[in-house]
Amino acid sequence: MGYSPLVLVGEYIIFAAQLIAGLAWYLYAGIVVVVGSLMLARYLTEALHLNPFSRVIYSLTRPASVLLANMRNSRFYYPLRRALKFDPAVLMVLIATAIVCYVISLVLNYLLGVVSGAGRCLIAFGEGHAFTGVRFLVGTVLLGVIFYLLSLMLLIFVNWMFGLFTRAAHQALGRIGPLLHLFEFGGTFAGWSFMILGIALSFAAAAVQAIFLS
């Protein structure tokens, strides 16, 4: 007896999620290589005293200059400079890159949960397990909403760390702003709404996965 088309599609979707999970490391490595290459290009330009106003040199060094400028405008820059006794901008770029890769990995895990949930939902319906299919469907939709909100927060976070995707980050802040106001408790927790919302969404995602997608 052959598989139901829904089962076959569901298995392909789960395989795609596993493939994405296997390739995720290359994404993180690519981000590190790109940032490292930009920093190296800027360093070589200064070390070799190349003309910074050349079109090619300017195009190669401008991204690194923007990253370093954003680090020097950070609230952490001067305290670190006083503590370390040297310009920590490059070090801050590397640390920020590691943090961004980690945050991307967290959000990507939720995406994989959504994709896998969709595949399991189709398999359950294809095998005639309607109740299980509905449970997976509800969990997938809820996790998809959480993934969307966390993706908006990731855009805002990357913009805050690197100054990139400014327009998209402003649009994301406009969408998620009401939730941030909801978690602005004031007092000791004043200004912590972004982190509190992230923690709340993480707990919500864990609950959804445990109840609906386990």
Side-chain angles (χ1 to χ4, degrees), residues 1-31 98-161 165 168-186 189 191-214:
M1 181 177 178
Y3 278 158
S4 162
L6 288 179
V7 173
L8 291 175
V9 173
E11 289 180 346
Y12 281 126
I13 291 175
I14 291 177
F15 175 76
Q18 294 171 344
L19 183 61
I20 294 172
L23 295 176
W25 185 88
Y26 295 98
L27 171 63
Y28 312 138
I31 293 173
I99 293 173
V100 168
C101 286
Y102 175 70
V103 174
I104 290 175
S105 72
L106 294 179
V107 176
L108 183 59
N109 284 336
Y110 293 128
L111 172 61
L112 295 177
V114 172
V115 176
S116 298
R120 294 171 67 188
C121 174
L122 292 176
I123 291 174
F125 280 123
E127 292 179 344
H129 305 303
F131 178 78
T132 302
V134 170
R135 180 165 63 89
F136 286 158
L137 177 60
V138 172
T140 301
V141 171
L142 293 176
L143 193 60
V145 172
I146 295 171
F147 165 72
Y148 172 71
L149 295 174
L150 287 171
S151 297
L152 295 180
M153 295 184 71
L154 175 61
L155 272 175
I156 298 169
F157 182 74
V158 170
N159 177 258
W160 179 69
M161 295 291 289
F165 313 120
H170 282 304
Q171 292 175 345
L173 184 59
R175 291 180 179 274
I176 209 170
L179 280 176
L180 292 176
H181 290 305
L182 181 65
F183 285 90
E184 185 58 71
F185 299 121
F189 298 100
W192 288 77
S193 60
F194 192 87
M195 182 176 293
I196 294 172
L197 176 58
I199 293 173
L201 289 175
S202 298
F203 276 123
V208 167
Q209 289 174 314
I211 295 173
F212 295 100
L213 297 174
S214 61

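What you are looking at is a predicted structure, and each value in this text was computed from that prediction instead of being measured.
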Quiz item: Which residues satisfy the side-chain contact (heavy atoms from CB on, under 4.5 Å) test with Leu6, sequence neighbours excluded?
Solution: Ser4, Leu122, Phe125
Quiz prompt | Counterpart residues, side-chain contact (heavy atoms from CB on, under 4.5 Å), relative to Ile156 (two or more places apart) | solution = Ala172, Leu173, Ile176, Phe194
Quiz prompt | Pair Glu11-Ile14, side-chain contact (heavy atoms from CB on, under 4.5 Å): steps then yes or no | solution = CA-CA 5 Å; Glu11 289 180 346; Ile14 291 177; 5.7 Å; no
Practice problem: Show your working on side-chain contact (heavy atoms from CB on, under 4.5 Å) between Met153 and Leu201 and close with a plain yes or no. | Solution: CA-CA 11 Å; Met153 295 184 71; Leu201 289 175; 3.7 Å; yes
When rounded to the nearest 0.5 angstrom, what is the spacing between [atom1] in [X] and [atom2] in [Y]?
X: Ser193; Y: Leu179; atom1: OG; atom2: CG; result: 10.0 Å
X: Cys121; Y: Phe212; atom1: SG; atom2: CZ; result: 13.0 Å
X: Leu154; Y: Leu106; atom1: CG; atom2: CG; result: 9.5 Å
X: Ile20; Y: Leu108; atom1: CD1; atom2: CG; result: 7.5 Å
X: Leu111; Y: Ile104; atom1: CG; atom2: CD1; result: 12.0 Å
X: Arg120; Y: His129; atom1: CZ; atom2: NE2; result: 12.5 Å

Practice problem: Verify side-chain contact (heavy atoms from CB on, under 4.5 Å) between Val100 and Ile31, making sure each step is shown before the conclusion. | Solution: CA-CA 9 Å; Val100 168; Ile31 293 173; 5.5 Å; no
Quiz item: Could you give all pairs that pass the side chain to side chain donor-acceptor pair (under 3.5 Å) test and reach residues 138-159, with sequence neighbours left out?
Solution: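 Every pair satisfying side chain to side chain donor-acceptor pair (under 3.5 Å) with a residue in residues 138-159: Asn159-Thr166.
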Quiz item: Hey, mind stepping through Tyr110 and Ser202 against side-chain contact (heavy atoms from CB on, under 4.5 Å) and telling me if it holds?
Solution: CA-CA 9 Å; Tyr110 293 128; Ser202 298; 3.9 Å; yes
Practice problem: List the atom of Ala21, the atom of Leu112, and the distance in Å for their closest heavy-atom pair. | Solution: CB-CD1, 3.6 Å
Exercise. Quick one: closest heavy-atom pair of Leu143 and Gln209, and the distance?
Key: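 Looks like CD2-NE2, 4.0 Å.
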Practice problem: State, yes or no, whether a side-chain contact exists between Phe136 and Thr132 at a heavy-atom distance under 4.5 Å. | Solution: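 A side-chain contact exists here, since the closest heavy-atom pair is under 4.5 Å.
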